[in-house]
Protein chains: 2
Amino acid sequence: MEVLDETLKQIHERGMSALRIADVASSMQVSPALIIYHFETRENLLVEALTHAAERDLLKLHRIVREPAPPARRLMKVLEWYAPSGAARGWQIWVDGWAAAMRDKALQKVLADLQDRWAAEIVGIIEEGVAGGVFTVDDSHDVVTRITSLLDGLAVRMVVHKDALKRDVLQEWLVRQVAWELGVDQEELRSPA
Amino acid sequence: MEVLDETLKQIHERGMSALRIADVASSMQVSPALIIYHFETRENLLVEALTHAAERDLLKLHRIVREPAPPARRLMKVLEWYAPSGAARGWQIWVDGWAAAMRDKALQKVLADLQDRWAAEIVGIIEEGVAGGVFTVDDSHDVVTRITSLLDGLAVRMVVHKDALKRDVLQEWLVRQVAWELGVDQEELRSPA
DNA sequence: CCTAGTCCTGAATGGCCGTACAGTAGATAG
DNA sequence: CTATCTACTGTACGGCCATTCAGGACTAGG
């Protein structure tokens, strides 16, 4: 949906709480009333926009997970893609989303679903690796929670305190952590030149 | 300051972006104009409130750091206190703060200072431990960034997706991570019964 | 006393914005 | 051709809220 993309763009620029229907409408060259016509309320627009963003991310994630490549390779690809880059476009939205979700059940559900499906995909990769004898884990779900939590925390540092953390350092630390969690050598995870 | 405490309470209840001067004023039984009289603008009130919260946390932190106890003990005490509990009162404010700070330089500075001073205190403990031969680290500053990032990420899960993560599991994982980072045995970190 | 300063108030002001509503234009179908 | 439906618009309502302003009250210093 065009409107949802524009809404996400506006959220990225102004922040979720400052999103104005009038802005979205004028960017799309339609009347504000039309937005309400389709989405009923501003709240609802926000929820659908985040859902849309989540769905898009999950699609991309799924594509990587399906690729024909060894688990280690795919896992690192996922993490590389998920990790914030300079603009960190996607991340700003999630941080905004966390803040909003603390007081909004609908958003809470959207984020919880996103989180669950994310975790499930990664758990999948890891269990493939375990089955193939390359990874050794205690509880793959816990491992995923820990790895993604670390990533979230590091991402906050990049997004909030701009460039307090370089992207390649983040990447490096991620490799280190993953190697430890999965009982493999860091070299096996590093992407080939 | 009374007003700042009340402001923090309101932020906690309604969220930063929804804070209304009128609410703070009426809770304090004064006129809204008085708030503006003292703080000039709403923005400014928010910045000062967060600064106040940061200062309060840093004071508490410093008290723990100064205690006469082995470094390992003090480090765990700090992390136990910083970790979110059920209500997670403090944490909600920081998540809100992150979101707001992404678009507000003044807040960015407040949070960056808080972060730096936090890190510095913990680095202090770790270096004591290293000097005493109990800890082994590569770069103590990096270690702190990693540990606190993990904590932030786990905290998000507790605060946003309420109770998707039990407090004692979080604690457990923290011990695990710290033990690894500092090259000590987990048992040496666990708090004595 | 008087002056000046500080703290505080009530009552506007001004602007913003989500939302409701009544209605238009165009397409579709019977 | 008519009736209906859908997508859409302009306009206006209604409320909310930060901020301003013109003072009032109380204090302290001279």
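Proteins come first, then strands; the chains are lettered A, B, ... in the order of their sequence lines, and each starts at number 1.
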**Study point:** B/Arg176 atom CZ, neighbour heavy-atom count above 12 within 6.0 Å
**Key:** yes
Practice item. Report yes if at least one side-chain N or O of A/His38 is closer than 4.0 Å to OP1 or OP2 of D/dC8; otherwise report no. Key: yes
Check your understanding: Within less than 4.0 Å of OP1 or OP2 of D/dC8, is there a side-chain N or O belonging to A/Tyr37?
Key -> no
Point to revise | Heavy-atom donor-acceptor pair, B/Asn44 side chain to B/Phe39 backbone, under 3.5 Å | key: yes
Review point. Sub-3.5 Å donor-acceptor pair from the side chain of B/Trp91 to the main-chain atoms of B/Tyr82, do we have one?
Key: yes
Using whole Å, report how far [atom1] of [X] lies from [atom2] of [N].
| X | N | atom1 | atom2 | value |
| --- | --- | --- | --- | --- |
| B/Phe39 | C/dC8 | CZ | C1' | 14 Å |
| B/Leu46 | D/dC17 | CG | P | 15 Å |
| B/Ile35 | D/dT20 | CD1 | C1' | 16 Å |
| B/Leu34 | C/dT6 | CG | P | 15 Å |

Check your understanding: Considering only heavy atoms from C-beta outward, does the side chain of A/Trp94 approach that of B/Val156 to under 4.5 Å?
Key -> no
Review point. Do B/Arg190 and B/Gln186 come within less than 4.5 Å of each other through their side chains, counting heavy atoms only?
Key: yes
Check your understanding: Any idea which heavy atoms bring A/Arg167 and A/Ala83 closest together, and the distance?
Key -> NH2-O, 3.2 Å
Protein N or O to nucleotides 14-24 of chain C N or O, pairs below 3.5 Å:
| residue | atom | partner | partner atom | Å |
| --- | --- | --- | --- | --- |
| C/dC17 | OP1 | A/Arg20 | NE | 3.2 |
| C/dC17 | OP1 | A/Arg20 | NH1 | 2.9 |
| C/dC17 | OP2 | A/Arg20 | NH1 | 2.8 |
| C/dG18 | OP1 | A/Ile21 | N | 3.4 |
| C/dG18 | OP2 | A/Ile21 | N | 3.2 |
| C/dT19 | OP2 | A/Arg42 | N | 2.8 |

